[in-house]
Undergrad: 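First the structure, then my questions, so here it is.
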Amino acid sequence: MKPSLKIEGLTKIYASAGTGPKGGVNDIDVDLPAGTFFTLLGPSGCGKTTTLRCLAGLEMPDAGRISVDGRILFDDASHTFVPANHRNFGMVFQSYAIWPHMSVFENVAFPLRVAKDRKFSSTEVKEMVERALNTVSLSGYGSRPATQLSGGQQQRVALARAIVRQPKLLLLDEPLSNLDASLRDEMCTELRRLQRETGITTIYVTHDQTEALEMSDKIAVMEAGRVVQCASPREIYRAPATMFVADFVGSTNWFEGQVAGREGRDLLVRVGDGVTIACRTDRPIADSGTVRIAVRPEAITVHGDGAAINGNGNRLAGKIQSVGFLGSMTRYVIEAAAWRCLVFEHRDQQFAEGMTVSLSFAAEDALVF
Ligand SMILES: Nc1ncnc2c1ncn2[C@@H]1O[C@H](COP(=O)(O)OP(=O)(O)OP(=O)(O)O)[C@@H](O)[C@H]1O
């Protein structure tokens, strides 16, 4: 696939008024093939919006280089900066900013009417607006006043306006955060469909890990102005590069213990009196010292006391502390070797509070940090 967006060493530091930490982003590298749905994911203040604003041309970076389809938009070395209105990017922000005094048609036509680099004939405008409205499933809504639309429909109008000029890049900053939960789910699916159909390279900003995992081809997890891992949703979830990523994306059980040696490909870690966890790891970890182990709640299986457990892997004795019925799964909180473990099981509830049980999980599911 041909490359689309390339960001190299992007840095934007905001001068802090006081002595506190400086905000912004530091040394961001991203290289995406055309047509990627790419998500910047991280907690509040980690630099997602700053990165997006630098891409949009709304912010002047301090250093680095940004190019789209080989066209350089920013390069500090050659003092290149293409202003926002010459980038032809579509943008949708949290407050989707639909103009209430205009019809749906005029809202979507707006970027074509104000375009400085091209004049569009009225036939072109009509065709382009109708195509955009059709893409967001709002054909026939053109003459409606924008104020007579539901929140979800207004969001679609904002999207239609963003894609009407068939932009090279679509920039979305938390576009679903003002919608209620069921509408958000629907728009998640809709956005993904729209992106696949149009093939527009999309940069999506969110702090919601579920949205990120569900929609993205690739995710960059950000922490304190830096990208700490950039990978597919599966890899981010299954092989988090740092404790921060393991903690931020999905739920994790943490154990802490002393390295007790190695057995074949496994590192053995003592996490309690006579309790050792085997962790399959390729990371270079010293044969002594303290480490932390992360195990996902769904990687653990609960067995009845004394039940035969097939196969190799880790075994811990435990006691059920609480049971929660969540419809499609059961959530157990279990005390095991003085650790509090969260377990998600898709089987119907089989164990009750206070029962003695055994937990098992594979060495491959015990990630060591
Ligand atoms: N104009 C500005 N002046 C000074 N500091 C800023 C400015 N804009 C952002 N910052 C700081 O830069 C850091 C990154 O902010 P940014 O808005 O990019 O984070 P974010 O990840 O998008 O957060 P949120 O999810 O809350 O929107 C923060 O520490 C923020 O306070």
Side-chain angles (χ1 to χ4, degrees), residues 5 7-30 32 36-66 68 73-74 76 81 83-85 87 89-97 151 155 158-159 162 169-181 184 187-188 191 201-216 218-231 233 236 240-250:
L5 172 66
I7 305 177
E8 296 156 275
L10 179 71
T11 300
K12 168 77 194 172
I13 306 292
Y14 294 108
S16 162
T19 51
K22 290 181 169 35
V25 294
N26 219 318
D27 206 13
I28 306 282
D29 290 321
V30 170
L32 300 178
T36 307
F37 196 112
F38 178 68
T39 297
L40 296 167
L41 173 68
S44 182
C46 70
K48 306 179 295 290
T49 298
T50 304
T51 309
L52 205 73
R53 288 176 58 82
C54 289
L55 278 177
L58 299 172
E59 205 71 72
M60 175 71 79
D62 297 325
R65 195 171 144 115
I66 300 172
V68 171
L73 302 174
F74 171 76
D76 71 304
F81 179 80
N85 58 351
R87 293 191 182 193
F89 293 166
M91 291 178 230
V92 180
F93 295 104
Q94 196 171 335
S95 57
Y96 23 92
Q155 188 60 289
L159 271 170
L169 217 56
L170 182 58
L171 307 176
L172 306 172
D173 193 352
E174 309 245 9
L176 310 183
S177 56
N178 280 342
L179 305 178
D180 67 41
R184 204 161 47 225
M187 282 304 289
C188 251
L191 254 182
T201 308
T202 299
I203 317 298
Y204 188 81
V205 160
T206 186
H207 62 267
D208 183 319
Q209 35 134 342
T210 316
E211 274 178 21
L213 291 173
E214 185 177 344
M215 293 206 277
S216 321
K218 206 169 189 188
I219 299 174
V221 182
M222 296 186 71
E223 179 189 11
R226 290 181 184 271
V227 170
V228 283
Q229 187 172 13
C230 187
I236 296 275
T242 65
M243 296 204 299
F244 173 82
V245 178
D247 237 0
F248 190 74
V249 183

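Counting starts at 1 for both ligands and their atoms, following the listed order.
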Undergrad: Does ligand 1 have an atom under 4.0 Å from some heavy atom of G225?
TA: no
Undergrad: On the 0 to 90° scale, with breaks at 30° and 60°, tag the Y204-F37 ring pair as parallel, tilted or perpendicular.
TA: tilted
Undergrad: If we ignore hydrogens and angles and just use 3.5 Å, is the side chain of N26 paired with the main-chain N or O of G225 as donor and acceptor?
TA: no
Undergrad: Would you say C46 has any N or O atom under 3.5 Å from an N or O of ligand 1, going by distance alone?
TA: yes
Undergrad: Check each atom of ligand 1 against the heavy atoms of P43 and keep those under 4.0 Å away; list them by number with element.
TA: 21 (O)
Undergrad: Note the single closest protein heavy atom to atom 17 (O) of ligand 1, along with its residue, its atom name and the distance in Å.
TA: T49 CB, 3.7 Å
Undergrad: So, for atom 30 (C) of ligand 1, does the protein have a heavy atom nearer than 4.0 Å?
TA: no
Undergrad: Distance check, rounded to the nearest 0.5 Å: E223 atom CD versus Q229 atom CD?
TA: 12.0 Å
Undergrad: Looking only at non-hydrogen atoms, find the nearest pair between M222 and T51 and report the distance.
TA: CE-OG1, 3.7 Å
Undergrad: Please state which protein non-hydrogen atom is closest to atom 19 (O) of ligand 1 and give its distance, to 0.1 Å?
TA: G47 N, 3.2 Å
Undergrad: Using every non-hydrogen atom in the two residues, find where I13 and D62 come nearest and quote the distance to one decimal.
TA: N-OD2, 2.7 Å
Undergrad: About how many Å separate CG of L191 and CG of L170, when rounded to the nearest 0.5 Å?
TA: 8.0 Å
Undergrad: If you take all heavy atoms of C54 and I66, which pair is closest and at what distance?
TA: O-CD1, 3.7 Å
Undergrad: If you have a sec, work out which protein heavy atom is nearest atom 26 (O) of ligand 1 and how many Å separate them, to one decimal?
TA: S44 OG, 2.6 Å
Undergrad: Okay, side chain of K48, backbone of G42: is any donor-acceptor separation there less than 3.5 Å?
TA: yes
Undergrad: Could you list which atoms of ligand 1 come closer than 4.0 Å to a heavy atom of G23?
TA: 11 (C), 12 (O), 13 (C), 29 (O)
Undergrad: Please confirm whether G24 comes under 4.0 Å of ligand 1, counting heavy atoms of the residue only.
TA: yes
Undergrad: May I ask which of K48, E174, E59, M222 has a heavy atom nearer to atom 21 (O) of ligand 1 than the others do?
TA: K48
Undergrad: Any idea which protein heavy atom is nearest atom 23 (O) of ligand 1, and the distance to it?
TA: G45 N, 2.8 Å
Undergrad: In terms of atom number and element, which parts of ligand 1 are under 4.0 angstrom from non-hydrogen atoms of T50?
TA: 14 (C), 15 (O), 16 (P), 18 (O)
Undergrad: Which residue and non-hydrogen atom of the protein lie closest to atom 9 (C) of ligand 1, and at what distance in Å?
TA: Y14 CE1, 3.3 Å
Undergrad: Which heavy-atom pair separates I219 from A212 by the least distance, and what is that distance?
TA: CD1-O, 3.6 Å
